[in-house]
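Please read all numbers here as calculations on a predicted model, not as lab measurements.
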Amino acid sequence: MSSFIYQVQINFKRIILRNKRFFFFDVVLPIFFYVLYSKIFVGNANQAELKIWQLNYLISMIIYGCLLGSTITVANTLLEDQTSHFDTLSRLTPLPRWKYYLSRVIIFLLLNLIAAVGICITGIFINHLSLPIKTWSFIILATLIGTIPLIFIGTLISLSGNPATVNLLNNLVTFPLAILSGLWMPMNAMPTWVQSIGKLTPTFQLSKIDKALLNSKSIDDSSIIGITLWFLVLSVGTLLVMKYQKNRELTFA
């Protein structure tokens, strides 16, 4: 147990404390967008409409920050582990492989937690948003659980093994996913066929869950099923790709 905790501590320092890109992309950037579009560029909306917009856009930026952390940061971190041979070094330790990956997941979830809490604090102090502690807690908890499929997306991207390919895939996946799921703009402003695609995305399903919690409504079963299906498909896909790469390495060894 002590070796596992030590592994978590090392990853915390390496991935979070010493990773300036994390603080900029996953924390600062969503906060900047939130302040910009919920405090500065708000038009002539009345106070009631503005408060609703500030709460709904808060949910969008929480998920957006976690999306950045789960795809771009995860992919780049795992790729750096491969290129620096940190991954190979970790295999020489007595720590079982499942504990090695579990320590990574814990750090990536903690990374998303920091991003989510940072945006919530911004909403509280900048826009004076007021929600019960229980509601804030449920939204953050649901978001963390809902971002696990997104972490598998980042893992899959990292398995391409090439920095240029990883950067390309990050851009091709992360930002279209944010747009299609309505994190950047209302979905009703998009063409019908685009909305149909966007409603299938894991980020849209997570947004529905968070907004249901925000408004103290029951969570739609279809959203839970959607997130679960994405988790199953992406986790199995990740395991298959990793197994294929391992077999390929053994073949050419």
Side-chain angles (χ1 to χ4, degrees), residues 25-43 45 47-72 109 111-151 153 174-190 195 198-228 230-231:
F25 285 106
D26 304 351
V27 180
V28 177
L29 195 60
I31 288 177
F32 171 76
F33 282 138
Y34 179 71
V35 173
L36 189 66
Y37 291 109
S38 71
K39 188 69 176 179
I40 301 174
F41 298 142
V42 292
Q47 195 61 33
E49 292 175 341
L50 179 59
K51 194 60 65 176
I52 293 173
W53 163 250
Q54 289 171 342
L55 285 168
N56 287 328
Y57 196 60
L58 179 82
I59 296 296
S60 295
M61 288 300 100
I62 289 174
I63 297 174
Y64 179 58
C66 292
L67 173 62
L68 292 176
S70 301
T71 53
I72 295 178
L109 288 176
L111 183 152
N112 287 341
L113 174 63
I114 295 172
V117 170
I119 297 169
C120 289
I121 291 175
T122 302
I124 293 171
F125 284 98
I126 299 297
N127 290 326
H128 309 291
L129 301 182
S130 178
L131 291 173
I133 295 295
K134 183 173 72 172
T135 302
W136 286 118
S137 301
F138 283 159
I139 289 173
I140 292 174
L141 179 61
T143 302
L144 293 182
I145 295 173
T147 55
I148 294 176
L150 303 180
I151 292 176
I153 293 178
T174 305
F175 301 111
L177 196 57
I179 295 170
L180 289 173
S181 56
L183 300 182
W184 281 5
M185 64 182 71
M187 288 198 71
N188 54 21
M190 305 178 190
Q195 294 183 40
K199 290 177 181 178
L200 298 175
T201 60
T203 39
F204 175 79
Q205 300 298 336
L206 180 55
S207 177
K208 283 181 62 179
I209 292 173
D210 282 355
K211 288 179 180 178
L213 293 171
L214 173 66
N215 297 300
S216 301
K217 295 181 179 179
S218 58
I219 299 173
D220 192 349
D221 291 340
S222 63
S223 297
I224 298 177
I225 294 172
I227 290 288
T228 304
W230 275 107
F231 169 76

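- Annotation for F138: atom CZ does not count as buried by contact number, only 12 or fewer foreign heavy atoms lying within 6.0 Å.
- For the pair L214 and N56, the minimum side-chain heavy-atom distance is below 4.5 Å.
- Nearest heavy atom pair, residue I227 against residue G146, reads CD1-O, 4.3 Å.
- Atom CD1 of residue I209 and atom CD1 of residue I59 lie 11.5 Å apart, to the nearest 0.5 angstrom.
- Distance alone, capped at 3.5 Å, is enough to place a donor-acceptor pair between the W230 side chain and the L200 backbone.
- With values rounded to the nearest 0.5 angstrom, F41 atom CZ is found 5.0 Å from L36 atom CG.
- Between M185 atom CE and Y57 atom OH the span is 10.0 Å, to the nearest 0.5 Å.
- Side-chain contact check for I224 versus T228: some heavy-atom pair is nearer than 4.5 Å.
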- Message: Walk me through whether I179 and L183 qualify under side chain to side chain contact (heavy atoms under 4.5 Å, CB included).
- Response: CA-CA 6 Å; I179 295 170; L183 300 182; over 6 Å; no
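- Using modelled atom types, one side-chain atom of T147 and one backbone atom of T143 make a donor-acceptor pair closer than 3.5 Å.
- Contact between D220 and K208 at its shortest, heavy atoms only, is OD2-NZ, 3.4 Å.
- Closest approach of K39 and I126 over heavy atoms only: NZ-O, 3.3 Å.
- When all heavy atoms are compared, the tightest approach of M187 to L180 is CE-O, 3.4 Å.
- In this structure, D210 and L206 have side chains that are in contact, with non-hydrogen atoms separated by less than 4.5 Å.
- Atom CD1 of I114 sits about 9.5 Å away from atom CG of D26, to the nearest 0.5 Å.
- Contact of the I72 side chain with the F175 side chain is registered, since non-hydrogen atoms from C-beta on lie closer than 4.5 Å.
- Using a 4.5 Å cut-off on side-chain heavy atoms (C-beta onward), L55 and L131 make contact.
- Under the 4.5 Å side-chain criterion, counting only non-hydrogen atoms from C-beta, L68 is in contact with P30.
- Proximity of a side-chain donor or acceptor of W136 to a complementary backbone N or O of C120 within less than 3.5 Å is not detected.
- Taking OG1 of T71 as the reference point, atom CD1 of I151 lies at 10.5 Å (rounded to 0.5 Å).
- When every heavy atom of S218 is checked against every heavy atom of A212, the shortest pair comes out as O-CB, 3.9 Å.
- Taking the six-membered ring for Trp, Y64 and W184 have ring centres closer than 6.0 Å.
- Across every non-hydrogen atom of N127 and S38, the tightest pair is ND2-OG, 2.9 Å.
- In this structure, CD1 on I140 lies 12.5 Å from CD1 on I145, to the nearest 0.5 angstrom.
- Listed for the W53 side chain is a donor-acceptor partner under 3.5 Å among the backbone atoms of Y37.
- K51 contributes no side-chain N or O that, together with a main-chain N or O of L129, makes up a donor-acceptor pair within less than 3.5 Å.
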